[in-house]
Amino acid sequence: MVIASIDIQNGKVVQLKQGDELVLQRDNPLELAAEFDRYGEVAVIDLDAAMNKGSNIELIKPLLQKAECRVGGGIRTPQQAKELVSLGARKIIVGSAAFRDASGNFGVNIPFLESMAKTIGRERLIVAVDARGGEIVVDGWKTPTGLDLIAAAKAVEVYAGELLFTCVEKEGMMQGIDLEPVQNLRAAVSCQITAAGGVSTLDEIESLAAIGCDVQLGMALYTGKIALADAFIASLNWKKSQSPIPDPRSLIPVIAQSPDGQVLMTGFTDREALTETFKRGNVCFHSRSRNKLWMKGETSGNTLKLVRMRADCDRDAILAVAEPAGPVCHTGAWSCFGTNRNFTWELLQGIIAERFRNPVPGSYTATLDDELVREKIMEEAKELCEAKTRDEIIWEAADLLYFATVLLSREGVSVQDVLDELDRRNKK
(Lines give C-alpha, C1' and ligand atoms only; values in the text may rest on other atoms or scores of the structure.)
Protein backbone atom coordinates (compact mmCIF):
# COMPACT_ATOMS: atom_id res chain seq x y z
CA MET A 1 0.00 0.00 0.00
CA VAL A 2 1.12 3.53 -0.69
CA ILE A 3 0.35 6.20 1.92
CA ALA A 4 0.43 9.91 1.18
CA SER A 5 1.49 12.24 3.97
CA ILE A 6 -0.18 15.49 4.99
CA ASP A 7 2.11 17.23 7.49
CA ILE A 8 0.50 20.25 9.14
CA GLN A 9 2.33 23.17 10.73
CA ASN A 10 0.84 26.56 11.63
CA GLY A 11 -2.37 25.62 9.85
CA LYS A 12 -0.60 24.84 6.57
CA VAL A 13 0.38 21.65 4.77
CA VAL A 14 4.18 21.62 4.70
CA GLN A 15 7.14 19.55 3.67
CA LEU A 16 10.32 19.88 5.70
CA LYS A 17 13.86 18.78 4.97
CA GLN A 18 15.31 16.85 7.90
CA GLY A 19 12.23 17.78 9.90
CA ASP A 20 13.33 21.43 10.14
CA GLU A 21 13.90 23.37 6.90
CA LEU A 22 10.66 24.45 5.18
CA VAL A 23 10.74 23.39 1.53
CA LEU A 24 7.16 23.92 0.42
CA GLN A 25 3.78 24.94 1.79
CA ARG A 26 0.17 24.37 0.71
CA ASP A 27 -3.15 25.59 2.08
CA ASN A 28 -5.61 23.02 0.61
CA PRO A 29 -5.59 20.04 3.01
CA LEU A 30 -9.19 19.02 2.25
CA GLU A 31 -8.53 18.84 -1.48
CA LEU A 32 -5.32 16.90 -0.90
CA ALA A 33 -7.03 14.43 1.45
CA ALA A 34 -9.81 13.76 -1.06
CA GLU A 35 -7.29 13.18 -3.86
CA PHE A 36 -4.88 11.07 -1.83
CA ASP A 37 -7.68 8.85 -0.49
CA ARG A 38 -8.23 7.41 -3.97
CA TYR A 39 -4.93 5.54 -3.71
CA GLY A 40 -4.57 4.56 -0.07
CA GLU A 41 -4.76 5.72 3.52
CA VAL A 42 -3.56 9.23 4.30
CA ALA A 43 -1.06 9.96 7.09
CA VAL A 44 -2.04 13.22 8.81
CA ILE A 45 0.72 14.48 11.10
CA ASP A 46 0.31 17.46 13.45
CA LEU A 47 3.87 18.80 13.60
CA ASP A 48 3.00 21.57 16.06
CA ALA A 49 1.49 19.11 18.53
CA ALA A 50 4.50 16.84 18.13
CA MET A 51 6.79 19.72 19.14
CA ASN A 52 4.51 21.01 21.91
CA LYS A 53 3.94 24.21 19.95
CA GLY A 54 0.17 24.09 19.69
CA SER A 55 -2.45 22.03 17.91
CA ASN A 56 -4.06 21.81 14.49
CA ILE A 57 -6.92 19.57 15.61
CA GLU A 58 -9.68 21.80 14.22
CA LEU A 59 -8.04 21.60 10.80
CA ILE A 60 -7.57 17.84 11.11
CA LYS A 61 -11.15 16.97 12.13
CA PRO A 62 -12.75 17.52 8.68
CA LEU A 63 -9.94 15.53 7.04
CA LEU A 64 -11.04 12.46 9.02
CA GLN A 65 -14.41 12.59 7.27
CA LYS A 66 -12.89 13.22 3.86
CA ALA A 67 -10.40 10.33 3.78
CA GLU A 68 -9.27 7.17 5.52
CA CYS A 69 -6.66 8.71 7.79
CA ARG A 70 -3.98 7.55 10.18
CA VAL A 71 -3.19 10.39 12.58
CA GLY A 72 -0.03 11.22 14.51
CA GLY A 73 1.79 14.05 16.19
CA GLY A 74 1.67 14.82 19.90
CA ILE A 75 -0.65 11.97 20.88
CA ARG A 76 0.41 11.26 24.44
CA THR A 77 -2.61 9.70 26.13
CA PRO A 78 -5.04 6.87 25.34
CA GLN A 79 -7.86 9.38 25.79
CA GLN A 80 -6.50 11.54 22.96
CA ALA A 81 -6.22 8.48 20.76
CA LYS A 82 -9.74 7.31 21.54
CA GLU A 83 -11.17 10.74 20.77
CA LEU A 84 -9.43 10.81 17.37
CA VAL A 85 -10.72 7.33 16.57
CA SER A 86 -14.22 8.44 17.50
CA LEU A 87 -13.82 11.38 15.11
CA GLY A 88 -12.98 9.01 12.26
CA ALA A 89 -9.25 8.24 12.43
CA ARG A 90 -8.57 4.71 11.15
CA LYS A 91 -5.27 4.35 12.99
CA ILE A 92 -3.21 6.26 15.52
CA ILE A 93 0.53 6.91 15.27
CA VAL A 94 2.55 7.41 18.45
CA GLY A 95 6.26 8.16 18.66
CA SER A 96 7.98 10.00 21.47
CA ALA A 97 5.52 8.86 24.16
CA ALA A 98 6.34 5.23 23.37
CA PHE A 99 10.02 5.71 24.26
CA ARG A 100 9.93 7.93 27.34
CA ASP A 101 8.42 7.05 30.72
CA ALA A 102 6.54 9.30 33.13
CA SER A 103 9.83 10.36 34.75
CA GLY A 104 11.31 11.42 31.42
CA ASN A 105 13.72 8.50 31.18
CA PHE A 106 14.25 6.86 27.80
CA GLY A 107 13.06 3.31 27.35
CA VAL A 108 10.11 1.44 25.87
CA ASN A 109 7.10 2.73 27.78
CA ILE A 110 5.27 -0.57 28.29
CA PRO A 111 2.44 0.78 30.51
CA PHE A 112 1.64 3.47 27.93
CA LEU A 113 1.63 1.02 25.02
CA GLU A 114 -0.45 -1.51 26.95
CA SER A 115 -3.01 1.18 27.76
CA MET A 116 -3.10 2.41 24.16
CA ALA A 117 -3.60 -1.10 22.77
CA LYS A 118 -6.32 -1.81 25.29
CA THR A 119 -8.11 1.47 24.62
CA ILE A 120 -8.15 1.56 20.81
CA GLY A 121 -7.09 -1.97 19.86
CA ARG A 122 -3.67 -3.22 18.81
CA GLU A 123 -4.77 -3.26 15.16
CA ARG A 124 -5.27 0.53 15.24
CA LEU A 125 -1.96 1.39 16.88
CA ILE A 126 1.11 2.37 14.84
CA VAL A 127 4.40 3.04 16.61
CA ALA A 128 6.83 5.36 14.85
CA VAL A 129 10.32 3.90 15.15
CA ASP A 130 12.20 6.87 13.71
CA ALA A 131 15.92 6.23 13.67
CA ARG A 132 19.21 7.86 12.79
CA GLY A 133 22.19 5.55 12.49
CA GLY A 134 20.21 2.69 13.99
CA GLU A 135 19.24 4.72 17.10
CA ILE A 136 15.68 5.73 17.98
CA VAL A 137 15.22 9.52 17.97
CA VAL A 138 12.25 11.46 19.36
CA ASP A 139 10.94 15.03 19.70
CA GLY A 140 10.72 15.62 15.98
CA TRP A 141 13.94 13.62 15.42
CA LYS A 142 15.97 16.07 17.49
CA THR A 143 16.60 13.96 20.61
CA PRO A 144 18.62 10.73 20.54
CA THR A 145 17.42 8.12 23.03
CA GLY A 146 20.26 5.61 23.08
CA LEU A 147 17.71 2.90 22.16
CA ASP A 148 18.63 0.40 19.45
CA LEU A 149 16.16 0.38 16.56
CA ILE A 150 15.82 -3.39 16.26
CA ALA A 151 15.59 -4.07 19.99
CA ALA A 152 13.01 -1.30 20.42
CA ALA A 153 10.98 -2.51 17.46
CA LYS A 154 10.83 -6.04 18.86
CA ALA A 155 9.67 -4.70 22.21
CA VAL A 156 6.86 -2.52 20.84
CA GLU A 157 5.42 -4.85 18.18
CA VAL A 158 3.67 -6.82 20.90
CA TYR A 159 1.34 -3.83 21.34
CA ALA A 160 1.17 -2.41 17.80
CA GLY A 161 -0.29 -3.69 14.59
CA GLU A 162 2.20 -1.69 12.54
CA LEU A 163 5.53 0.12 12.72
CA LEU A 164 6.30 3.34 10.85
CA PHE A 165 10.02 3.45 10.16
CA THR A 166 11.54 6.73 9.04
CA CYS A 167 15.14 6.75 7.91
CA VAL A 168 15.87 10.18 9.37
CA GLU A 169 19.16 10.69 7.53
CA LYS A 170 17.28 10.51 4.24
CA GLU A 171 14.07 12.33 5.19
CA GLY A 172 13.26 15.15 2.76
CA MET A 173 16.60 14.79 0.96
CA MET A 174 15.23 13.12 -2.19
CA GLN A 175 18.34 10.95 -2.31
CA GLY A 176 16.66 7.57 -2.00
CA ILE A 177 15.91 5.43 1.02
CA ASP A 178 18.54 3.31 2.74
CA LEU A 179 17.11 -0.15 2.09
CA GLU A 180 19.43 -2.10 4.43
CA PRO A 181 17.92 -0.97 7.77
CA VAL A 182 14.44 -1.59 6.36
CA GLN A 183 15.46 -5.12 5.41
CA ASN A 184 16.94 -5.67 8.87
CA LEU A 185 13.78 -4.39 10.50
CA ARG A 186 11.60 -6.57 8.25
CA ALA A 187 13.62 -9.64 9.25
CA ALA A 188 13.34 -8.81 12.96
CA VAL A 189 9.57 -8.26 13.37
CA SER A 190 6.42 -9.90 12.07
CA CYS A 191 4.00 -6.94 12.15
CA GLN A 192 3.30 -4.66 9.21
CA ILE A 193 5.98 -2.07 8.35
CA THR A 194 5.57 1.23 6.53
CA ALA A 195 8.84 2.78 5.39
CA ALA A 196 9.44 6.50 4.89
CA GLY A 197 12.33 8.86 4.39
CA GLY A 198 13.94 9.72 1.09
CA VAL A 199 11.90 7.49 -1.23
CA SER A 200 12.21 9.12 -4.64
CA THR A 201 11.79 6.42 -7.33
CA LEU A 202 9.30 3.76 -8.36
CA ASP A 203 12.09 1.19 -8.23
CA GLU A 204 12.46 1.86 -4.51
CA ILE A 205 8.73 1.37 -3.99
CA GLU A 206 8.92 -1.93 -5.86
CA SER A 207 11.91 -2.98 -3.75
CA LEU A 208 10.04 -2.18 -0.54
CA ALA A 209 6.96 -4.03 -1.77
CA ALA A 210 9.11 -7.04 -2.62
CA ILE A 211 10.11 -7.41 1.04
CA GLY A 212 6.56 -6.87 2.25
CA CYS A 213 6.69 -3.20 3.27
CA ASP A 214 4.31 -0.36 2.56
CA VAL A 215 5.65 3.08 1.70
CA GLN A 216 4.78 6.57 2.92
CA LEU A 217 5.42 9.41 0.47
CA GLY A 218 5.97 13.09 1.19
CA MET A 219 8.53 15.18 -0.62
CA ALA A 220 8.61 13.03 -3.77
CA LEU A 221 4.85 13.33 -4.06
CA TYR A 222 4.59 17.08 -3.53
CA THR A 223 7.47 17.89 -5.87
CA GLY A 224 6.02 15.72 -8.61
CA LYS A 225 8.91 13.28 -8.62
CA ILE A 226 6.46 10.42 -8.08
CA ALA A 227 2.77 10.29 -9.03
CA LEU A 228 0.46 8.47 -6.63
CA ALA A 229 -1.12 6.45 -9.43
CA ASP A 230 2.29 5.12 -10.47
CA ALA A 231 3.23 4.50 -6.84
CA PHE A 232 0.04 2.49 -6.25
CA ILE A 233 0.77 0.28 -9.25
CA ALA A 234 4.42 -0.18 -8.23
CA SER A 235 3.41 -1.21 -4.70
CA LEU A 236 1.38 -4.23 -5.84
CA ASN A 237 2.59 -7.82 -5.72
CA TRP A 238 2.76 -8.48 -9.45
CA LYS A 239 5.11 -11.45 -9.15
CA LYS A 240 2.65 -13.39 -7.02
CA SER A 241 -0.01 -12.86 -9.66
CA GLN A 242 2.05 -14.65 -12.32
CA SER A 243 1.54 -18.24 -13.36
CA PRO A 244 4.51 -20.68 -13.24
CA ILE A 245 5.25 -19.51 -16.78
CA PRO A 246 6.27 -15.83 -16.50
CA ASP A 247 3.68 -13.53 -18.02
CA PRO A 248 4.63 -9.86 -18.40
CA ARG A 249 0.96 -8.94 -18.26
CA SER A 250 0.64 -10.21 -14.66
CA LEU A 251 -3.07 -10.09 -13.92
CA ILE A 252 -4.44 -9.17 -10.49
CA PRO A 253 -8.07 -9.80 -9.48
CA VAL A 254 -10.32 -6.81 -8.81
CA ILE A 255 -13.50 -6.79 -6.73
CA ALA A 256 -15.79 -3.87 -7.58
CA GLN A 257 -17.94 -2.69 -4.68
CA SER A 258 -20.52 0.09 -4.41
CA PRO A 259 -19.93 2.82 -1.79
CA ASP A 260 -22.66 1.30 0.40
CA GLY A 261 -20.82 -2.03 0.48
CA GLN A 262 -22.56 -4.16 -2.14
CA VAL A 263 -20.35 -6.40 -4.27
CA LEU A 264 -20.92 -5.57 -7.93
CA MET A 265 -18.55 -7.73 -10.00
CA THR A 266 -15.09 -9.21 -10.25
CA GLY A 267 -12.56 -8.92 -13.01
CA PHE A 268 -8.84 -8.73 -13.65
CA THR A 269 -6.45 -5.85 -14.12
CA ASP A 270 -2.92 -5.33 -15.33
CA ARG A 271 -0.62 -2.32 -15.26
CA GLU A 272 -2.18 -0.83 -18.38
CA ALA A 273 -5.75 -1.17 -17.08
CA LEU A 274 -4.84 0.37 -13.72
CA THR A 275 -3.11 3.29 -15.43
CA GLU A 276 -6.22 3.91 -17.53
CA THR A 277 -8.49 3.58 -14.49
CA PHE A 278 -6.72 6.40 -12.70
CA LYS A 279 -6.49 8.46 -15.88
CA ARG A 280 -10.15 8.12 -16.88
CA GLY A 281 -11.68 8.00 -13.40
CA ASN A 282 -13.70 4.93 -14.44
CA VAL A 283 -12.73 1.37 -13.56
CA CYS A 284 -10.97 -0.49 -16.36
CA PHE A 285 -10.15 -4.18 -16.59
CA HIS A 286 -8.11 -6.51 -18.73
CA SER A 287 -10.48 -8.73 -20.71
CA ARG A 288 -9.06 -12.24 -20.67
CA SER A 289 -11.41 -13.46 -23.38
CA ARG A 290 -10.44 -10.64 -25.75
CA ASN A 291 -6.93 -10.14 -24.38
CA LYS A 292 -7.29 -6.37 -24.37
CA LEU A 293 -8.03 -3.33 -22.23
CA TRP A 294 -11.71 -2.96 -21.38
CA MET A 295 -13.45 -0.10 -19.59
CA LYS A 296 -16.63 -1.27 -17.88
CA GLY A 297 -19.58 0.41 -19.58
CA GLU A 298 -17.69 1.60 -22.66
CA THR A 299 -20.57 0.45 -24.90
CA SER A 300 -23.54 0.27 -22.51
CA GLY A 301 -22.78 3.46 -20.59
CA ASN A 302 -23.02 1.54 -17.32
CA THR A 303 -19.65 2.69 -16.09
CA LEU A 304 -18.06 2.32 -12.67
CA LYS A 305 -16.89 5.74 -11.44
CA LEU A 306 -13.87 5.20 -9.24
CA VAL A 307 -14.07 6.37 -5.62
CA ARG A 308 -11.00 4.65 -4.19
CA MET A 309 -8.81 1.60 -4.59
CA ARG A 310 -7.30 -0.54 -1.86
CA ALA A 311 -4.93 -3.49 -2.10
CA ASP A 312 -5.45 -6.46 0.19
CA CYS A 313 -2.96 -7.49 2.89
CA ASP A 314 -0.82 -9.47 0.41
CA ARG A 315 -1.08 -6.76 -2.30
CA ASP A 316 -2.18 -9.34 -4.86
CA ALA A 317 -5.88 -8.38 -5.03
CA ILE A 318 -7.67 -5.03 -5.29
CA LEU A 319 -10.94 -3.68 -3.91
CA ALA A 320 -12.29 -0.95 -6.20
CA VAL A 321 -15.01 1.15 -4.56
CA ALA A 322 -17.01 2.69 -7.38
CA GLU A 323 -20.29 4.42 -8.18
CA PRO A 324 -22.22 2.35 -10.76
CA ALA A 325 -24.00 4.32 -13.47
CA GLY A 326 -26.51 1.53 -14.02
CA PRO A 327 -26.85 -2.26 -13.97
CA VAL A 328 -23.43 -3.87 -13.73
CA CYS A 329 -24.01 -7.41 -15.00
CA HIS A 330 -24.21 -8.17 -18.73
CA THR A 331 -27.57 -9.84 -18.00
CA GLY A 332 -29.01 -6.49 -16.97
CA ALA A 333 -28.90 -7.30 -13.25
CA TRP A 334 -27.75 -4.72 -10.75
CA SER A 335 -24.88 -6.96 -9.63
CA CYS A 336 -23.20 -10.05 -11.02
CA PHE A 337 -24.02 -11.65 -7.65
CA GLY A 338 -27.73 -10.86 -7.45
CA THR A 339 -30.65 -9.63 -9.51
CA ASN A 340 -31.83 -6.77 -7.33
CA ARG A 341 -30.06 -3.90 -5.68
CA ASN A 342 -30.33 -4.08 -1.91
CA PHE A 343 -32.49 -1.26 -0.61
CA THR A 344 -30.30 0.77 1.72
CA TRP A 345 -30.64 4.05 3.54
CA GLU A 346 -28.17 5.53 1.07
CA LEU A 347 -30.35 4.37 -1.84
CA LEU A 348 -33.41 5.97 -0.23
CA GLN A 349 -31.59 9.30 0.02
CA GLY A 350 -30.48 8.98 -3.60
CA ILE A 351 -34.08 8.51 -4.73
CA ILE A 352 -35.22 11.49 -2.66
CA ALA A 353 -32.41 13.67 -4.03
CA GLU A 354 -33.40 12.72 -7.58
CA ARG A 355 -37.04 13.67 -6.86
CA PHE A 356 -35.89 17.14 -5.81
CA ARG A 357 -33.51 17.53 -8.78
CA ASN A 358 -35.98 16.30 -11.38
CA PRO A 359 -39.53 16.44 -9.96
CA VAL A 360 -42.06 14.44 -11.91
CA PRO A 361 -45.80 15.15 -12.04
CA GLY A 362 -47.50 13.76 -8.97
CA SER A 363 -44.29 13.39 -6.94
CA TYR A 364 -45.19 13.73 -3.27
CA THR A 365 -41.55 14.12 -2.25
CA ALA A 366 -41.13 17.20 -4.45
CA THR A 367 -43.94 18.96 -2.57
CA LEU A 368 -42.30 18.64 0.83
CA ASP A 369 -41.02 22.06 1.77
CA ASP A 370 -39.13 22.74 4.99
CA GLU A 371 -42.19 23.54 7.11
CA LEU A 372 -44.26 20.59 5.88
CA VAL A 373 -41.51 18.00 6.32
CA ARG A 374 -40.83 19.09 9.89
CA GLU A 375 -44.55 18.84 10.67
CA LYS A 376 -44.63 15.34 9.20
CA ILE A 377 -41.62 14.25 11.29
CA MET A 378 -43.36 15.33 14.50
CA GLU A 379 -46.56 13.61 13.40
CA GLU A 380 -44.84 10.35 12.46
CA ALA A 381 -42.74 10.33 15.64
CA LYS A 382 -45.94 10.54 17.67
CA GLU A 383 -47.56 7.74 15.68
CA LEU A 384 -44.47 5.54 16.12
CA CYS A 385 -44.59 6.06 19.87
CA GLU A 386 -48.28 5.08 19.88
CA ALA A 387 -47.86 2.00 17.66
CA LYS A 388 -48.72 -1.27 19.41
CA THR A 389 -48.19 -4.20 17.08
CA ARG A 390 -45.02 -5.25 15.32
CA ASP A 391 -46.48 -4.41 11.90
CA GLU A 392 -47.60 -0.97 13.11
CA ILE A 393 -44.14 -0.23 14.50
CA ILE A 394 -42.48 -1.24 11.21
CA TRP A 395 -44.92 0.89 9.18
CA GLU A 396 -44.58 4.00 11.32
CA ALA A 397 -40.80 3.64 11.62
CA ALA A 398 -40.57 3.51 7.81
CA ASP A 399 -42.64 6.70 7.55
CA LEU A 400 -40.47 8.47 10.12
CA LEU A 401 -37.24 7.37 8.43
CA TYR A 402 -38.52 8.58 5.07
CA PHE A 403 -39.46 12.06 6.30
CA ALA A 404 -36.27 12.35 8.36
CA THR A 405 -34.26 11.52 5.23
CA VAL A 406 -36.14 14.17 3.27
CA LEU A 407 -35.14 16.72 5.91
CA LEU A 408 -31.51 15.57 5.78
CA SER A 409 -31.51 15.95 2.00
CA ARG A 410 -33.04 19.42 2.15
CA GLU A 411 -30.38 20.51 4.65
CA GLY A 412 -27.46 19.04 2.69
CA VAL A 413 -26.74 16.35 5.28
CA SER A 414 -25.83 12.90 3.94
CA VAL A 415 -26.83 9.57 5.40
CA GLN A 416 -23.11 8.87 5.81
CA ASP A 417 -22.78 11.98 7.99
CA VAL A 418 -25.35 10.52 10.39
CA LEU A 419 -23.74 7.08 10.32
CA ASP A 420 -20.36 8.66 11.02
CA GLU A 421 -21.81 10.40 14.06
CA LEU A 422 -23.28 7.13 15.35
CA ASP A 423 -19.93 5.47 14.74
CA ARG A 424 -18.20 8.25 16.67
CA ARG A 425 -20.53 7.74 19.62
CA ASN A 426 -19.96 3.99 19.50
CA LYS A 427 -16.19 4.50 19.73
CA LYS A 428 -16.18 7.05 22.56
Side-chain angles (χ1 to χ4, degrees), residues 3-34 36-37 41-104 106 109 112-113 115-116 119-120 124-130 132 136-145 164 166 168 171-172 196-197 216-219 221-222 424 427-428:
I3 299 152
S5 181
I6 296 181
D7 298 342
I8 302 176
Q9 186 178 69
N10 297 324
K12 303 288 186 180
V13 178
V14 301
Q15 280 295 294
L16 308 179
K17 182 185 292 186
Q18 293 288 285
D20 189 30
E21 180 186 341
L22 179 64
V23 176
L24 55 87
Q25 183 172 281
R26 302 274 290 272
D27 59 3
N28 58 336
L30 277 173
E31 293 177 20
L32 291 172
F36 294 167
D37 182 64
E41 291 182 6
V42 181
V44 179
I45 310 299
D46 189 338
L47 297 180
D48 292 319
M51 298 299 294
N52 282 312
K53 294 181 179 179
S55 171
N56 294 284
I57 185 61
E58 294 306 316
L59 183 63
I60 290 172
K61 284 179 181 179
L63 302 185
L64 305 185
Q65 302 304 316
K66 184 68 69 173
E68 296 180 341
C69 298
R70 43 181 64 192
V71 182
I75 301 172
R76 299 179 176 87
T77 69
Q79 290 70 33
Q80 283 179 286
K82 186 176 182 180
E83 177 65 18
L84 285 165
V85 169
S86 76
L87 290 171
R90 294 302 182 96
K91 297 176 183 176
I92 298 298
I93 305 169
V94 297
S96 300
F99 300 108
R100 183 187 283 117
D101 63 22
S103 301
F106 293 125
N109 192 338
F112 169 74
L113 293 172
S115 182
M116 287 289 291
T119 301
I120 65 171
R124 292 184 183 275
L125 183 60
I126 301 172
V127 176
V129 286
D130 306 325
R132 179 186 285 112
I136 296 288
V137 291
V138 294
D139 302 330
W141 308 332
K142 291 179 171 55
T143 307
T145 64
L164 171 60
T166 299
V168 174
E171 175 62 28
Q216 185 166 308
L217 294 176
M219 193 73 75
L221 173 63
Y222 287 91
R424 184 189 70 80
K427 291 171 180 173
K428 284 187 72 70

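Heavy-atom basis, side chains included; hydrogens, waters and symmetry copies ignored.
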For this session: Please tell me if the side chains of Phe106 and Val138 come closer than 4.5 Å, counting only heavy atoms from C-beta onward.
Result: yes
Seminar exercise, completed: Scanning both residues in full, the closest heavy-atom pair of Leu59 with Gly11 reads CD2-O, 3.5 Å
Exercise. Does some side-chain heavy atom of Leu16 sit less than 4.5 Å from a side-chain heavy atom of Leu47?
Worked result: yes
Problem set entry | Smallest separation among heavy atoms of Gly197 and Thr166, with atom names | CA-CG2, 4.4 Å
Exercise. Is the backbone of Arg90 close enough, under 3.5 Å, to the side chain of Arg124 for a donor and an acceptor to pair up by distance?
Worked result: yes
Exercise. Which pair of heavy atoms, one from Gln65 and one from Gly88, lies closest together, and at what distance?
Worked result: NE2-CA, 4.3 Å
For this session: Give, for atom CD of Glu68 and atom NZ of Lys91, the distance between the pair rounded to the nearest 0.5 Å.
Result: 9.5 Å
For this session: To the nearest 0.5 Å, tell me how far Ile57 CD1 sits from Asp48 CG.
Result: 12.5 Å
Exercise. Out of curiosity, Met219 CE to Asp7 CG, how far, rounded to the nearest 0.5 Å?
Worked result: 9.5 Å
Seminar exercise, completed: dist Gln79:CD -> Met116:CE (nearest 0.5 Å) comes out at 9.5 Å
Exercise. More than 12 heavy atoms of other residues, nucleotides or ligands under 6.0 Å from NZ of Lys53: is that the case?
Worked result: no
Seminar exercise, completed: Closest non-hydrogen contact found for Ala128 with Ile93 is CB-CG2, 4.1 Å
For this session: Show the numbers, then the answer: is there a side chain to side chain contact (heavy atoms under 4.5 Å, CB included) between Val129 and Ile136?
Result: CA-CA 6 Å; Val129 286; Ile136 296 288; 3.9 Å; yes
Exercise. Can you find a heavy atom in the side chain of Val94 that is under 4.5 Å from one in the side chain of Phe112?
Worked result: yes
For this session: Report yes if the side chains of Arg424 and Leu87 come closer than 4.5 Å at any heavy-atom pair, otherwise no.
Result: yes
For this session: Evaluate the side-chain proximity of Ile6 to Tyr222: yes if any heavy-atom separation is below 4.5 Å, no if none is.
Result: yes
Problem set entry | Which atom of Ala67 lies closest to which atom of Val42, heavy atoms considered | CB-CG2, 4.0 Å
Problem set entry | Between CD1 on residue Ile75 and CD on residue Gln80, distance to nearest 0.5 Å | 6.5 Å
Problem set entry | Leu164 to Gln216 - nearest heavy-atom pair and separation | CD1-OE1, 3.7 Å
Exercise. Can you find a pair of side-chain heavy atoms, one from Met51 and one from Lys142, that are under 4.5 Å apart?
Worked result: yes
Problem set entry | Side chain to side chain, Leu84 and Ile92, heavy atoms closer than 4.5 Å | yes
Problem set entry | Rounded distance [0.5 Å steps], OG in Ser55 versus CD1 in Ile8 | 9.5 Å
Problem set entry | Contact check, side chains of Arg100 and Asp139, non-hydrogen atoms, under 4.5 Å | yes
For this session: Spell out, as yes or no, whether a donor-acceptor pair under 3.5 Å connects the side chain of Asp46 to the backbone of Gly73.
Result: no
Problem set entry | N/O donor-acceptor pair under 3.5 Å between Asp101 side chain and Ser103 backbone | yes
Problem set entry | Working for side chain to side chain contact (heavy atoms under 4.5 Å, CB included), residues Leu221 and Phe36 | CA-CA 10 Å; Leu221 173 63; Phe36 294 167; 3.6 Å; yes
